[in-house]
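Down below is the structure, laid out as structure tokens.
The figures here come from the full heavy-atom set of this structure, side chains too, leaving out hydrogens, waters and symmetry mates.
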Amino acid sequence: MTDSVTRPTAAKIAYDDVEVGTELPAQTFPVNRATLVRYAGASGDFNPIHWNEKFAKEVGLPDVIAHGMFTMAEAIRVVTDWTGDPGSVVEYGVRFTRPVVVPNDDQGAVIEVSGKVAAKLDDHTVRVDLTATSGGQKVLGMSRAVVRLG
């Protein structure tokens with residue numbers, strides 16, 4: 001279903017104050033096995049690759065991995081924290097390039113996310129390109145959001 005209604009935004013960032021190349025504040029998001037259990041319960045995704053180390057290794061993974069949608073959700077937080085309004089996101093898409101491997105230790109894993117305004121579009125919107133890495137490897141590709149600014 002397509003929504004043709006233009007909604008006002010509560011974004012704290014003004015379109016006129018943003019230029020192509022504007023960098024969003026980078027963030028890091030820790031993830032451990034407890035995080036995965038909580039996400040599984042909230043999402044209903046109990047695939048054993050997200051909680052059972054033996055099973056994950058049997059299917060060729062190095063260890064338990066974070067849910068792709070969890071990784072995607074953490075990454076967009078860089079944008080919503082920047083705008084101050086989760087409703088400012090008009091479009092969002094990613095490619096899953098590598099899993100976030102979450103070892104069963106006191107450290108877990110860290111997802112590092114940065115973003116940059118790549119284009120100013122019509123109707124007070126901008127395209128933000130995100131970079132998400134974990135363990136020094138890119139975990140999301142073509143991670144892009146279109147955001148409506150004030």
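- Closest heavy-atom contact between Ser143 and Val94: OG-CG1, 3.3 Å.
- Side-chain atoms of Thr80 and Asp85, non-hydrogen and from C-beta on, never get closer than 4.5 Å to each other.
- Checked options Thr131, Val101, Val100, Ile65; the residue passing with Val139 is Val100 (criterion: side-chain contact (heavy atoms from CB on, under 4.5 Å)).
- The minimum heavy-atom distance between Val113 and Ala132, with the atom names listed, is CG2-CB, 4.1 Å.
- Within the structure, every pair that satisfies the side chain to side chain donor-acceptor pair (under 3.5 Å) test and touches residues 18-31, not counting sequence neighbours, is listed here: Gln27-Asp81.
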### Query
Taking it one step at a time, do Val126 and Leu149 satisfy side chain to side chain contact (heavy atoms under 4.5 Å, CB included)?
CA-CA 8 Å; Val126 298; Leu149 301 177; 3.9 Å; yes

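- Of the possible polar contacts, none joining the Trp51 side chain to the Val37 backbone as a donor-acceptor pair under 3.5 Å is found.
- Here the shortest heavy-atom pairing between Ala75 and Leu140 reads CB-CD1, 3.7 Å.
- Sequence neighbours left out, the pairs with a member in residues 99-118 that pass side chain to side chain donor-acceptor pair (under 3.5 Å) are Glu112-Thr133.
- When hydrophobic residues (I, L, V, M, F, W, Y) are linked wherever their side-chain heavy atoms come within less than 4.5 Å, the members clustered with Val146 are Val90, Leu121.
- A donor-acceptor pair is defined here as one N or O able to donate and one able to accept, closer than 3.5 Å; such a pair exists between the side chain of His67 and the backbone of Asp45.
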#### Entry: Derivation of the side chain to side chain contact (heavy atoms under 4.5 Å, CB included) call for Leu24 and Val79
CA-CA 7 Å; Leu24 283 61; Val79 174; 4.1 Å; yes

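- The distance from atom CG of Asn47 to atom CG of Asn52, rounded to the nearest 0.5 Å, is 10.0 Å.
- Under the salt bridge (Lys or Arg N to Asp or Glu O under 4.0 Å) criterion, Glu53 pairs with Arg33, Lys57, sequence neighbours left out.
- Residues Ile76 and Val89 form a side-chain contact, since some pair of their non-hydrogen atoms from C-beta on lies under 4.5 Å apart.
- When all heavy atoms are compared, the tightest approach of Val102 to Ala66 is CG2-N, 4.0 Å.
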### Task
Starting from the C-alpha separation in whole Å, work towards a yes-or-no answer on side chain to side chain contact (heavy atoms under 4.5 Å, CB included) for His50 and Tyr39.
CA-CA 10 Å; His50 303 303; Tyr39 183 82; over 6 Å; no

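- Cluster membership check: Leu130 shares its hydrophobic cluster with Phe29, using side-chain heavy-atom separations under 4.5 Å among Ile, Leu, Val, Met, Phe, Trp and Tyr.
- Partners of Arg77 by salt bridge (Lys or Arg N to Asp or Glu O under 4.0 Å), not counting sequence neighbours, listed by chain and number: Glu74.
- Here Arg148 pairs with Asp123 in a salt bridge; the nearest charged N to carboxylate O distance falls below 4.0 Å.
- Contact between Val78 and Gly115 at its shortest, heavy atoms only, is CG1-N, 4.5 Å.
- Of all heavy-atom pairs spanning Thr125 and Tyr15, the tightest one is O-CE1, 3.3 Å.
- Hydrophobic clustering, with ILVMFWY side chains joined whenever heavy atoms are under 4.5 angstrom apart, groups Phe55 together with Leu61.
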### Task
Check the pair Phe70 / Ile111 against side chain to side chain contact (heavy atoms under 4.5 Å, CB included), numbers first and verdict last.
CA-CA 11 Å; Phe70 171 81; Ile111 303 167; 4.2 Å; yes

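- When hydrophobic side chains of Ile, Leu, Val, Met, Phe, Trp and Tyr are connected at separations under 4.5 Å, Met142 ends up as a singleton with no cluster partners.
- Note that CH2 of Trp82 is 8.5 Å distant from OG of Ser88, once rounded to the nearest 0.5 Å.
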